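One structure is given below, encoded as structure tokens.
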Amino acid sequence: MALAATGYALWIIVEVARHGVGVPGCASLLTAVVALGGIQLATLGIVGEYVGRIYCETKNRPHYLIRETSEQPAPAAPAAPERPLRVRGGGASAFGSGRSRTVRQFITFAMIGVVDTAVHLSVYATLNHWIPYLTAHVIGYCVSIVGSFLLNSYITCRTSPTWRAFVRFPLSSLVNLVLSGALLHVGVSHLGMGKNIAALTAGILATPFSFLIARWAITSGAAVSRQPEPMPGGRTGRPGD
């Protein structure tokens with residue numbers, strides 16, 4: 001929101017420089033209001049990050065742990081026998097479950113990609129009446145990137161989004177754009193395919209690579225929750241506490 005506010009302020013300044021001042025004082029007042037609003041939103045986000053980390057820090061740190069009591073312990077339930085891994089098709093069941101999870105994530109990623117493309121085109125078609133063609137496309141692309149990151153974080157990878165993952169996530173879109181463009185050029189120039197068929201084929205072939213990079217960006221950028229470490233005497237805490 002702060003970046004959008006800054007871009008809007010720059011657009012107002014350019015319009016005033018090109019077409020003159022319609023209402024005296026409007027451009028300077030609007031620029032100041034938008035700039036201050038963007039700074040306030042950015043500062044509020046930083047405060048929210050601190051509050052969230054304070055919450056995660058406090059909820060995992062008990063004041064004490066009971067080492068033993070004077071009461072008689074309840075009889076322990078008999079341990080269930082361990083079930084052996086079932087092999088299917090020459091591999092362990094864990095491998096099969098991991099493969100099925102990857103397939104499910106890929107299908108979800110592809111469906112979210114269709115939704116984000118529709119959002120991109122909707123934002124572009126709405127803004128193209130008031131702002132230039134390229135600017136409308138850029139805003140629609142940014143909105144679709146943010147929506148794709150949030151949806152893939154919560155639905156595809158089922159993790160909480162972080163700033164580190166958000167910075168890495170656009171790399172998947174860049175790889176998809178470059179790879180699909182290269183495949184489209186090869187299909188049209190060297191294989192004699194039609195533009196529509198070549199574009200569809202290039203998108204299908206580039207989507208798996210984009211999915212792998214997007215999943216890597218979200219999972220590697222996710223914050224690792226630190227659990228309390230056991231300390232002598234039955235207390236818990238972290239080194240240095």
Side-chain angles (χ1 to χ4, degrees), residues 1-53 109 112-156 160-182 184-185 199 202-203 206-207 209-210 213-214 216-218 220-223:
M1 292 296 294
L3 292 177
T6 304
Y8 182 63
L10 294 176
W11 179 66
I12 291 295
I13 294 175
V14 171
E15 288 295 318
V16 171
R18 292 177 55 191
H19 304 291
V21 179
V23 179
C26 176
S28 58
L29 179 62
L30 183 60
T31 302
V33 171
V34 169
L36 291 176
I39 294 174
Q40 290 174 353
L41 289 173
T43 308
L44 185 62
I46 297 175
V47 174
E49 282 290 324
Y50 271 101
V51 173
R53 297 190 182 197
F109 177 82
I112 291 175
V114 174
V115 174
D116 290 329
T117 303
V119 171
H120 179 192
L121 295 178
S122 300
V123 173
Y124 158 73
T126 303
L127 298 180
N128 192 30
H129 299 287
W130 296 284
I131 60 178
Y133 165 84
L134 183 60
T135 306
H137 259 304
V138 170
I139 295 177
Y141 178 77
C142 293
V143 172
S144 65
I145 285 293
V146 174
S148 176
F149 168 71
L150 294 177
L151 290 176
N152 282 299
S153 297
Y154 285 115
I155 299 177
T156 303
S160 299
T162 60
W163 287 110
R164 185 183 303 174
F166 180 72
V167 172
R168 299 179 181 183
F169 185 79
L171 182 62
S172 64
S173 299
L174 180 62
V175 170
N176 191 0
L177 182 63
V178 173
L179 185 58
S180 60
L184 176 61
H185 174 72
T207 299
F209 297 95
S210 178
I213 295 178
W216 164 83
I218 294 175
S220 64

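Everything numeric here is computed off the predicted structure, so don't read it as measured data.
- Here E49 contributes atom CD and W163 contributes atom CH2; the two are 7.0 Å apart, rounded to the nearest 0.5 Å.
- Going from atom CD1 of I213 over to atom CG of L171 covers 5.0 Å, rounded to the nearest 0.5 Å.
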Let me see the working for V175 and S210 under side chain to side chain contact (heavy atoms under 4.5 Å, CB included), right down to the final yes or no. CA-CA 6 Å; V175 170; S210 178; 5.8 Å; no
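- In this structure a side-chain-to-backbone donor-acceptor pair under 3.5 Å is missing from T135 to I131.
- When all heavy atoms are compared, the tightest approach of F109 to T156 is N-OG1, 4.0 Å.
- With no hydrogens or angles considered, no side-chain donor-acceptor pair links D116 and S144 at under 3.5 Å.
- Atom CD1 of I145 sits about 9.5 Å away from atom CG of L174, to the nearest 0.5 Å.
- Between L150 and P161, the closest heavy-atom pair is CD2-CG, 4.1 Å.
- The side-chain heavy atoms of V146 and F166, taken from C-beta on, include a pair separated by under 4.5 Å.
- For the side chain to side chain contact (heavy atoms under 4.5 Å, CB included) test with V123, the passing option among L121, L127, T126 is L127; the others fail.
- Closest of all the heavy-atom pairs between T162 and F149 is O-CZ, 3.6 Å.
- Contact annotation: the side chain of F169 approaches that of N152 to within less than 4.5 Å [non-hydrogen atoms, C-beta and beyond].
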